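Read the structure below first, then the notes.
Since the model is a prediction, treat every value here as computed from it, not as a measurement. Just follow the structure's listing: the first ligand is 1, and inside any ligand the first atom is 1. The first residue of the sequence shown is numbered 1, and numbering continues consecutively from there.
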Amino acid sequence: MAKKSWEKRLGGKPDERMVDFVESLSVDERLYKYDIAGSIAHAQMLAEQKLITKAEFAAIKKGLIEIAGEIEAGKFKFDKSCEDIHMAIEAALVKKAGEAGKKLHTGRSRNDQVALDIRLWLRDEIEMMCGMITNLQKALLEQAGKYVNNVMCAYTHVQRAQPISIAGYLLSFVEQFERDRIRLINCSNIMNVSPLGSGAVAGSTLGLDRASTCKELGFEGISRNSLDAVSDRDFAAEFIFDCSLIMAHLSRLAEDLIMYSSTEFSFIKIDDCFCTSSSMMPQKKNPDALELIRGKCGTVYGALVAMLTILKAQPSGYNRDLQEDKTHIFSAADTASASLLMAEGIIGGVSFNTEKIAAELDDGFVDATALAEYLVLKGIAFREAHGIVGQLVAKCEKADKKLSELDMAEYKAACAKIDKDVYKSLGAANVAKSYMTEGSAGISESRKKITFWKKQLEKR
Ligand code: ARG
């Protein structure tokens, strides 16, 4: 490997192991579009400031556009001795544009260049991921619309708790993913400042117009401190954290669907096209895609811990440790995006076994809380009511009965204030219709929330 033609400081050639060890081209190759956009904006500004001529800018721009075309067409020869995408593109430009190409790096360092490229890449990536979240929310909402009148059981501690609309269950995920989307937008807003002009660490003695490159590249403003701009990657850690929460939410959804599709539950059917079979057991239909979503959560959490650890105790200014950021940013983004796409597909193809769910819904005393609240309306203190219903449930369990199957005499014996109207508060189907609180998972609130979300998602 030849040493870089322009470098005169070091003697001899770098060790072969060194070349392999320090290169990041294999990882940061995918930044090429952003690197080229940043370089064109920088060169244009250099020409505006008369630091290069208009003709030199034209030659640089032409060369960079050609390089972009070659990379896109798969014709560009990536040479790892160039270290990274920034130097690979610059070296190619010098070959094409000669002297003009050698002027591109005026007033710039790879330190502010890479800080720029990651920001540009993340900005686009976040926009794409927000679109994927919206699509997943739309798929959940469509299913919610289909099943709003069907009742299922909500669980606490994986024990039957209270009856809800199936839509209420599905909408709980629309809410979780909405917060994920807002977090991503917030991350994008915080990092949306141009670091160009920060140079290696302290800025430049040349009269660079930072506002020009900032405007050209669509940033909200310019970074206020060059040391900070080239050395922090807090936004990368934040992005990976946002991806981690997306994965946490996806893994919860995946876990539910895996359980609900088991023979034991038989609440849902997952479309065959999202399942696999077994190489040995001919009867098997396995929810592998969901299990992989659950498993990939670990990949993204790993990236988060890696990113935080890379940042820890780095001395001020740029350090090469930072090069390791991209491996984890890309891994988190790719994994979360692929999982979002997969989840959208799976949700679209899920069907609920409403008859089976309804047939078993009244097992497990899911109307007990509603009965206690009925007693509250009859003037009984809630703690008292809780005790009365608890005893009634114990009695039913012994007699293998449901609460709705107790007769009036049995109710009167438990509490004289209970009247015939008690039966309207019993049974899961009745309870799911009678929730009064805003934001409940009952039928009428779920219907309202479906209308709310339809309007929200239409606007996007
Ligand atoms: N490839 C490096 C990175 O990703 C940028 C190069 C900065 N290198 C340097 N020696 N200053 O951070």
Can a donor-acceptor pair be found, under 3.5 Å and without considering hydrogens, that links the side chain of Ser223 to the backbone of Val193? no

Does ligand 1 have a heavy atom under 4.0 Å from the side chain of Arg320, from its backbone, from both, or from neither? side chain

Does an N or O from Arg233, backbone or side chain, lie closer than 3.5 Å to an N or O of ligand 1? no

Is it the case that the side chain of Asp84 and the backbone of Ser24 share a donor-acceptor pair, with hydrogens and angles ignored and the cut-off at 3.5 Å? no

Just to confirm my output: which protein heavy-atom neighbour is closest to atom 2 (C) of ligand 1, and how far is it? Gln323 OE1, 3.2 Å

Identity and separation of the nearest protein heavy atom to atom 12 (O) of ligand 1: Tyr318 OH, 2.6 Å

Minimum heavy-atom distance between Thr299 and Ser331, given as atom pair plus value: CG2-OG, 3.9 Å

Atom 7 (C) of ligand 1 [closest protein heavy-atom partner, distance rounded to 0.1 Å]: Asn111 OD1, 3.2 Å

Flag Asp84 as yes when one of its N or O atoms lies below 3.5 Å from any N or O atom of ligand 1, and as no otherwise. yes

Any chance the side chains of Thr134 and Arg460 put a donor and an acceptor closer than 3.5 Å? yes

Mind checking whether Lys326 contacts ligand 1 via backbone (N, CA, C, O), side chain (CB onward), both or neither, at a 4.0 Å heavy-atom cut-off? side chain

Criterion side-chain contact (heavy atoms from CB on, under 4.5 Å) against Cys153, the qualifying member of Ile164, Leu361, Asp363: Leu361

Minimum heavy-atom distance Gly348-Ala139, with the two atoms named: N-CB, 4.4 Å

If we number the atoms of ligand 1 from 1 as shown, the ones under 4.0 Å from a heavy atom of Ser24 are 1 (N)

